2 protein chains.
Amino acid sequence: MATGRTHRPATRSRGIPEATVARLPLYLRALTALSERSVPTVSSEELAAAAGVNSAKLRKDFSYLGSYGTRGVGYDVEYLVYQISRELGLTQDWPVVIVGIGNLGAALANYGGFASRGFRVAALIDADPAMAGKPVAGIPVQHTDDLEKIIKDNGVSIGVIATPAGAAQQVCDRLVAAGVTSILNFAPTVLAVPDGVDVRKVDLSIELQILAFHEQRKAGEEAEALIEAEAEAEAAAAKETRKGPDGDVPAVMPA
Amino acid sequence: MATGRTHRPATRSRGIPEATVARLPLYLRALTALSERSVPTVSSEELAAAAGVNSAKLRKDFSYLGSYGTRGVGYDVEYLVYQISRELGLTQDWPVVIVGIGNLGAALANYGGFASRGFRVAALIDADPAMAGKPVAGIPVQHTDDLEKIIKDNGVSIGVIATPAGAAQQVCDRLVAAGVTSILNFAPTVLAVPDGVDVRKVDLSIELQILAFHEQRKAGEEAEALIEAEAEAEAAAAKETRKGPDGDVPAVMPA
DNA sequence: GCGTGTGAAATCGTTCACAGCC
DNA sequence: GGCTGTGAACGATTTCACACGC
């Protein structure tokens, strides 16, 4: 969903696979840790372990960036940190605004991980007039009315939406109209954006639901030989019931 | 990533692709919204639009669950809500503990999206004795010392880690030892877990870095689109502050 | 000898396009 | 006529395995 467009047919050699891009921050984190411990070089095997991937994947990923390693030796930590940072665009400073300073917005504003990479929280914006002027993480909250001016004055191109779901699309529209072209969305809503705008979403409850799926599966496996056809039978039976004019639906979960 | 299992050779029909599982919560959300508006049926086209995917993918996804639609008509909303909920394991109640009640932990505790699906925050745990007893989101925070007891008393199998990175592995080990088999990790660390334990991670700064990559790319394309060489020269002249793309081995970025 | 870099193979995921059923 | 369900084509990603340079 994020990054649907490849509006540019023959965008030459800069073709780094999306899956690789998504792992670069992981490598960068592991490398930064090594760098802080003054480790000079690292092998693909070691770095892969630190990043939680396998070494073949890591080497393939790095091969898209260039030949930055030394055969028989490994990778120079500092050099790789720089190369990946550059590739990710972190050698420049990205001013970011956070819209929606509730619990989550405040947590984001306080999150150290932003500042330590190339990100700078340029402004906090909230619709509640009572919030205006209150400092959160040392930054005074500003009112939504001034959103456009804030974006333009600060040259912001990345926005973070941490509002309730109901407000997200409207906020998004205003951000985009004001010039924002990348959005990180924490609201549980699908955002519609024009071509050329990237949206990435983080949905806390979706992650839990995926875990629940696997958790349920584990429980089922424990019961091994026992259950085999229950779900199947139930589905079949349910489908049978609903052959009638108006579908008979089994007990639905609490909304 | 940390879902290495699937040591189950046979078992035919239960093979739902991971990519599909990851989208089921999305469909469920869209369907729940339709359900609340009392929409009785929906076509793959409409539902796909609401979920932000294309209709072919959605139909393929649903085909893994079974034949739950009606040709020429579409899908029964209530029925699908039930089927997806069941598939995801949301027809049962999942007690969850949140460890690390800082800004983020508090935000999670207050997050309505958990309770509305099958999740129940069974306990909040923090290492700070000063937090003990304080209510957050109406739930009193308990001390880490009691972690094992809390897990066992509540039959918790899903844990959320929202501690600083340094504490995450230790917390993880204790959760796992106490019986937790699924972990949602917000700490910027790779967690090592034994086989059979699932970990999903959410890293706020990684998402921003991925956006930055695309943002940088857009800027590059803009320049490219203008006039090849001239745009590049102009950009270099205009902003001499930062050493742009393509450098030899310049100074390393701020750690 | 060691560990990177990379074609080639295998696997996984998406999209196409249309047969089948309402 | 409309819309689902699905093989088959396509594309992306991962894994394998080994040649190559240090």
Side-chain angles (χ1 to χ4, degrees), chain A residues 1-6 9 11 13 15-24 26-27 31 39-77 79-80 83-84 210 235 239 242-247, chain B residues 1-6 9 12-13 15-24 26-27 31 39-77 79-80 83-84 210:
Chain A
M1 51 207 29
T3 318
R5 290 306 65 168
T6 312
T11 312
S13 58
I16 301 178
E18 194 52 36
T20 294
V21 172
R23 281 187 295 267
L24 292 181
L26 226 58
Y27 301 144
L31 284 164
V39 176
T41 61
V42 68
S43 71
S44 64
E45 201 71 56
E46 295 164 336
L47 183 53
V53 304
N54 73 52
S55 63
K57 196 185 286 184
L58 178 143
R59 287 202 304 279
K60 183 61 114 183
D61 283 342
F62 286 179
S63 79
Y64 293 118
L65 308 184
S67 288
Y68 294 154
T70 307
R71 289 162 201 243
V73 177
Y75 300 92
D76 182 285
V77 171
Y79 184 64
L80 247 196
Q83 289 297 347
I84 295 179
I210 296 171
K239 178 136 202 203
R242 118 182 202 285
K243 283 283 169 67
D246 210 348
Chain B
M1 33 148 194
T3 307
R5 34 189 24 260
T6 317
R12 274 291 30 93
S13 57
I16 301 178
E18 195 53 36
T20 294
V21 172
R23 281 187 295 265
L24 292 182
L26 226 58
Y27 301 143
L31 284 164
V39 176
T41 61
V42 69
S43 72
S44 63
E45 200 72 55
E46 294 164 336
L47 183 53
V53 303
N54 74 52
S55 63
K57 195 185 286 184
L58 177 142
R59 287 200 303 278
K60 182 62 112 182
D61 283 343
F62 285 178
S63 80
Y64 293 118
L65 308 184
S67 288
Y68 293 153
T70 306
R71 288 161 203 244
V73 177
Y75 300 93
D76 181 288
V77 171
Y79 184 64
L80 246 196
Q83 289 299 345
I84 295 179
I210 297 171

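Chain naming here is simple, since letters A, B, ... match the order of the sequence lines and numbering starts at 1 in each. All figures in this text were calculated on a predicted structure; none of them were measured in a lab.
Distance, A/I16 CD1 to D/dT13 P: 12 Å, rounded to whole Å. When rounded to the nearest whole Å, the span between CG of A/L65 and P of C/dG5 equals 10 Å. Going from atom CD of A/E45 over to atom P of C/dG1 covers 19 Å, rounded to whole Å. Between the CG atom of B/L47 and the C1' atom of D/dC3 there is a distance of 13 Å, given to the nearest Å. Atom CD in A/E18 sits roughly 15 Å away from atom C1' in C/dG13 (whole-Å rounding). What separates CG of A/L58 from P of C/dG3 is a distance of 14 Å, to the nearest Å. Spacing between atom CG of A/L24 and atom P of D/dT13 amounts to 13 Å, rounded to whole angstrom units.
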Derivation and outcome, side-chain contact (heavy atoms from CB on, under 4.5 Å), residues A/T70 and A/T41: CA-CA 10 Å; A/T70 307; A/T41 61; over 6 Å; no
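Taking each heavy atom of B/L47 and B/L80 in turn, the nearest pair found is CD2-CD1, 4.2 Å.
Applying the ring pair (Phe, Tyr, Trp, His ring centres under 6.0 Å) test to B/F62 and every residue at least two apart in sequence or in another chain returns B/Y27, B/Y75. Looking at residues two or more places apart in sequence or on another chain, you find no side chain to side chain contact (heavy atoms under 4.5 Å, CB included) involving B/P40.
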Tabulate protein N/O versus nucleotide N/O from nucleotides 10-12 of chain C, keeping only pairs under 3.5 Å, one per line.
none

Enumerate the protein-to-nucleotides 14-18 of chain C contacts in which both atoms are nitrogen or oxygen and the separation is below 3.5 Å.
residue, atom, partner, partner atom, Å
C/dT14, OP1, B/R23, NH1, 2.9
C/dT14, OP2, B/R23, NH1, 3.3
C/dT14, OP2, B/R23, NH2, 2.8
C/dT15, OP2, B/N54, ND2, 2.5

Tabulate atom names and distances for all N/O pairs under 3.5 angstrom spanning the protein and nucleotides 20-22 of chain C.
residue, atom, partner, partner atom, Å
C/dG20, N3, B/R71, NH1, 3.2
C/dC22, O4', B/R71, O, 3.3

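When heavy atoms are screened at a 4.0 angstrom cut-off, A/Y75 is found touching the sugar-phosphate backbone but no base atom.
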Result block: side-chain N/O donor-acceptor pairs under 3.5 angstrom for residues 49-58 of chain B, not counting sequence neighbours:
residue, atom, partner, partner atom, Å
B/N54, OD1, B/A56, N, 3.1
B/N54, OD1, B/K57, N, 2.9
B/S55, OG, B/E45, OE1, 3.4

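The B/S43 side chain lies nearest to D/dC3 when the options are C/dT4, C/dG13, D/dC3.
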